[in-house]
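Report on the structure given below.
Computed from a prediction, not measured in an experiment: that's the story for all the values here. FYI, the numbering just counts along the sequence from 1.
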Amino acid sequence: MAALAVGAMLATVPGAASAAGGPTDVLPSLKPLQQDLADNDLVREPVTGITWLRFTGSPGNYGAGELHVIGRRTQAEAAAATPGHNVMPAYQQITRSDGTSYEVLIGDMTYHDEHKHFHMNGISRYRLTNASGTVVKESPKVAFCLVDLKAADSTLPGFKVNPTYSSCSHNANATTLTMGISVGWADVYAKDLVGQSFDVSDLMNLPAQQYTLEMTTNPLGILHEANPAAPQSTSVQVTIGQGVPVGVGGPRPGA
């Protein structure tokens, strides 16, 4: 789909200059924070008996431009939405070096009934692989409510001390909203939130062994970034199996 120009006529291909020596796109660049992924644990849920590997996931923006996403739909579309089927088209607003901007359709947002706000789909992917590299657990299209929650790199040009993005609308019938991650900031989804865990009950019945827990940002390439050909990944090692200590706990809905 062609980009939607805002203001003056602009290039319709993200990253392209409008003319030789003309303005260029100032793009975000997402990368997961390894130190946050290392915040993981094994807990057993008392009621269900499920053993969860819980992990924190944090996509940080290390690019020159902010990640600015706009959700937009008609009132009729909002009125027709039902729990579990509540989506709106999502557009990434891309700023250019001359201060102009344009929008590109990048997918959709879904209202998350447990977290009680909208999430942008396809932001990250989580995988758990064994020693031979076989994927044993996977969440391929993790959705995020994109907000500025943690300073990832305050030394980057364009970093603002006060965060720009703070909410993803708790109104299930919203017709428009904005979300994003500013330069040098990261969104953070704590390990106790619903969706930030794998059911590893089956792996706990096997001899203890080491696995690789991996997080990848923008795995499907839906976002326009400064590094479009290389989704960024990070990983940590976790030990799961018989005899490995397990705490008590489980996932909780967001707020």
Side-chain angles (χ1 to χ4, degrees), residues 3-4 6 10-18 22-38 55-71 90-109 119-127 139-166 168 178-189 213-236:
L4 303 177
V6 179
L10 302 170
T12 59
V13 179
S18 57
T24 57
D25 296 341
V26 184
L27 296 171
S29 181
L30 298 188
K31 184 172 72 173
L33 276 61
Q34 185 184 48
Q35 67 268 31
D36 284 8
L37 190 62
F55 41 84
T56 296
S58 303
N61 181 7
Y62 295 87
E66 64 185 8
L67 173 60
H68 185 89
V69 180
I70 303 168
Y91 303 84
Q92 182 177 346
Q93 181 175 293
I94 299 173
T95 300
R96 310 213 84 197
S97 56
D98 63 357
T100 59
S101 63
Y102 64 98
E103 295 177 10
V104 180
L105 180 67
I106 56 172
D108 54 48
M109 299 177 181
H119 285 187
M120 178 64 210
N121 295 321
I123 296 299
S124 296
R125 180 188 67 208
Y126 297 118
R127 282 180 173 173
S139 295
K141 290 180 65 178
V142 178
F144 273 73
C145 160
L146 300 170
V147 294
D148 297 331
L149 283 183
K150 175 180 180 178
D153 188 346
S154 61
T155 68
L156 289 175
F159 176 82
K160 299 176 182 177
V161 175
N162 295 318
T164 300
Y165 303 97
S166 60
C168 297
T178 60
M179 63 173 70
I181 305 177
S182 300
V183 174
W185 284 84
D187 192 5
V188 180
Y189 265 58
L213 175 62
E214 177 193 77
M215 177 180 178
T216 301
T217 51
N218 195 19
L220 304 178
I222 62 171
L223 302 176
H224 297 281
E225 296 190 72
N227 53 338
Q232 299 293 299
S233 298
T234 194
S235 62
V236 296

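- Partners of Tyr165 according to the ring pair (Phe, Tyr, Trp, His ring centres under 6.0 Å) rule, which considers only residues two or more places apart in sequence or in another chain, are His68.
- For the atom pair Ile123 CD1 and Leu67 CG, the distance stands at 6.5 Å (nearest 0.5 Å).
- With Asn218 contributing its side chain and Leu223 its backbone, the two residues share a donor-acceptor pair below 3.5 Å.
- Looking at Met120 and Ile222, their side chains come closer than 4.5 Å, going by heavy atoms from C-beta outward.
- Glu225 CD to Lys31 NZ: the interatomic distance, rounded to the nearest 0.5 Å, is 12.0 Å.
- Put simply, the side chain of Glu214 never gets that close to the backbone of Ser233: no donor and acceptor are under 3.5 Å apart.
- Heavy atoms only, all atoms of each residue included: Val104 and His224 are closest at CG1-NE2, 3.3 Å.
- Between Pro231 and Thr216 the shortest heavy-atom distance is CB-CG2, 3.8 Å.
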Using distance only, find each side-chain donor-acceptor pair of residues 180-187 under 3.5 Å and give its atom names and separation, not counting sequence neighbours.
{"residue": "Ser182", "atom": "OG", "partner": "Asp148", "partner atom": "OD2", "Å": "2.7"}
{"residue": "Ser182", "atom": "OG", "partner": "Thr164", "partner atom": "OG1", "Å": "3.4"}
{"residue": "Trp185", "atom": "NE1", "partner": "Lys160", "partner atom": "O", "Å": "2.9"}

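- Scanning both residues, Arg125 and Val142, for their nearest heavy atoms gives CA-CG2, 4.4 Å.
- Every residue two or more places apart in sequence or in another chain was checked for a side-chain hydrogen bond (donor to acceptor under 3.5 Å, both in side chains) with Thr234, and none qualifies.
- The structure places CD1 of Ile94 at 11.0 Å from OG1 of Thr100, a figure rounded to the nearest 0.5 Å.
- No side-chain heavy atom of Met109 sits less than 4.5 Å from a side-chain heavy atom of Cys168.
- Among Val147, Leu33, Leu149, the one residue that satisfies the side chain to side chain contact (heavy atoms under 4.5 Å, CB included) test with Val188 is Leu149.
- For Phe144, the ring pair (Phe, Tyr, Trp, His ring centres under 6.0 Å) test picks out Tyr189, with sequence neighbours left out.
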Is there a side-chain contact (heavy atoms from CB on, under 4.5 Å) between Gln34 and Val236? Walk through the geometry before answering.
CA-CA 7 Å; Gln34 185 184 48; Val236 296; 3.9 Å; yes
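- Considering only residues two or more places apart in sequence or on other chains, Phe55 meets the ring pair (Phe, Tyr, Trp, His ring centres under 6.0 Å) condition with Tyr126, Phe198.
- Leu156 places a side-chain heavy atom less than 4.5 Å from the side chain of Tyr62.
- Among residues two or more places apart in sequence or in another chain, the side-chain contact (heavy atoms from CB on, under 4.5 Å) test is passed with Ala226 by Leu27, Ser29.
- Contact of the His119 side chain with the Met179 side chain is not registered, since no non-hydrogen atoms from C-beta on lie closer than 4.5 Å.
- Looking at Pro59 and Met215, their side chains come closer than 4.5 Å, going by heavy atoms from C-beta outward.
- In terms of heavy-atom proximity, Asp36 sits nearest to Ser58 at OD2-OG, 2.5 Å.
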